[in-house]
Amino acid sequence: EEQLRESGGGSVQSGGSLRLSCAGFGFTYRDYCMAWFRQAPGKRREGVAAVNARGFTTYADSVKGRFTVSKDGAVPLMYLQMNDLKPDDTASYYCASDESDACYRLEDERYEFSYWGQGTQVTVSA
């Protein structure tokens, strides 16, 4: 059974940093895409960043220059380093996974990734 497990959320003040991790278990495909989404209360879910097994990365405009997504080798293990956090970054952050080409559809609201984690909360205070 495929599972995604997130860790690393928490509360910080504006300008602070956090690192999120996501580990994948039970996946059979090696050419994967792993992505971070977030959703704040009353707002639509937003694609934040993604990385695939080939090293392709993509980011939402709102986090470019502040967030860095990375992966650990061939194992489905992904990190999101979040620097210069702002109150608008407050949300539940979810890890998602799919085949490699899904990374090119991070901001396509019509596309639904196949596998999702339970989410981890990030709270940024002013």
Side-chain angles (χ1 to χ4, degrees):
E1 179 184 357
E2 297 86 355
Q3 294 185 16
L4 294 169
R5 298 178 192 166
E6 304 105 332
S7 61
S11 298
V12 295
Q13 291 189 322
S14 182
S17 298
L18 284 172
R19 190 174 85 151
L20 305 182
S21 300
C22 175
F25 300 91
F27 290 90
T28 57
Y29 55 79
R30 298 185 65 182
D31 199 12
Y32 61 84
C33 171
M34 296 184 78
W36 290 100
F37 290 80
R38 66 185 181 186
Q39 188 165 23
K43 294 187 177 181
R44 285 193 291 185
R45 188 177 65 197
E46 174 189 22
V48 175
V51 58
N52 69 16
R54 305 170 208 168
F56 168 80
T57 58
T58 186
Y59 299 89
D61 287 343
S62 59
V63 306
K64 282 180 182 176
R66 300 188 297 123
F67 290 12
T68 302
V69 65
S70 60
K71 63 178 180 70
D72 188 345
V75 177
L77 180 60
M78 173 177 64
Y79 304 101
L80 185 68
Q81 178 66 43
M82 304 185 293
N83 297 328
D84 189 23
L85 282 160
K86 306 176 186 301
D88 283 349
D89 295 318
T90 295
S92 293
Y93 283 69
Y94 298 90
C95 175
S97 183
D98 207 320
E99 302 274 353
S100 179
D101 286 350
C103 276
Y104 300 103
R105 306 186 69 174
L106 178 69
E107 298 182 272
D108 184 350
E109 295 178 352
R110 300 164 297 177
Y111 187 82
E112 183 76 10
F113 275 60
S114 297
Y115 303 100
W116 292 85
Q118 294 298 309
T120 185
Q121 179 65 33
V122 171
T123 302
V124 185
S125 57

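Computed from heavy atoms alone, side chains included, the values below leave out hydrogens, waters and symmetry copies.
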Please name the pair of heavy atoms, one in [X] and one in [Y], separated by the smallest distance, quoted to 0.1 Å.
| X | Y | result |
| --- | --- | --- |
| L85 | R66 | CA-NH1, 3.9 Å |
| C103 | A50 | SG-CB, 3.7 Å |
| Q39 | R45 | NE2-N, 3.7 Å |
| G9 | L20 | N-CD2, 3.6 Å |

Verify same cluster id: [X], [Y] (apolar side-chain graph, 4.5 Å):
| X | Y | value |
| --- | --- | --- |
| Y59 | L106 | no |
| M78 | F27 | yes |
| V63 | Y94 | no |
| V69 | F37 | no |
| V48 | V12 | yes |

*Check each of Y32, Y115, Y111 against D98 using the side-chain hydrogen bond (donor to acceptor under 3.5 Å, both in side chains) test, and report the only one that passes.*
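Among Y32, Y115, Y111, the one that satisfies the side-chain hydrogen bond (donor to acceptor under 3.5 Å, both in side chains) with D98 is Y111.
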
*If we ignore angles and hydrogens, is there a donor and acceptor under 3.5 Å between the side chains of E46 and S62?*
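There is such a pair (donor and acceptor under 3.5 Å, judged by atom type) between the side chains of E46 and S62.
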
If we ignore hydrogens and angles and just use 3.5 Å, is the side chain of [X] paired with the main-chain N or O of [Y] as donor and acceptor?
| X | Y | value |
| --- | --- | --- |
| E6 | Q118 | yes |
| T57 | V51 | no |
| S14 | K86 | no |

*With side-chain contact (heavy atoms from CB on, under 4.5 Å) as the test, would you mind laying out the steps for C95 and W36 before giving the verdict?*
CA-CA 5 Å; C95 175; W36 290 100; 4.0 Å; yes

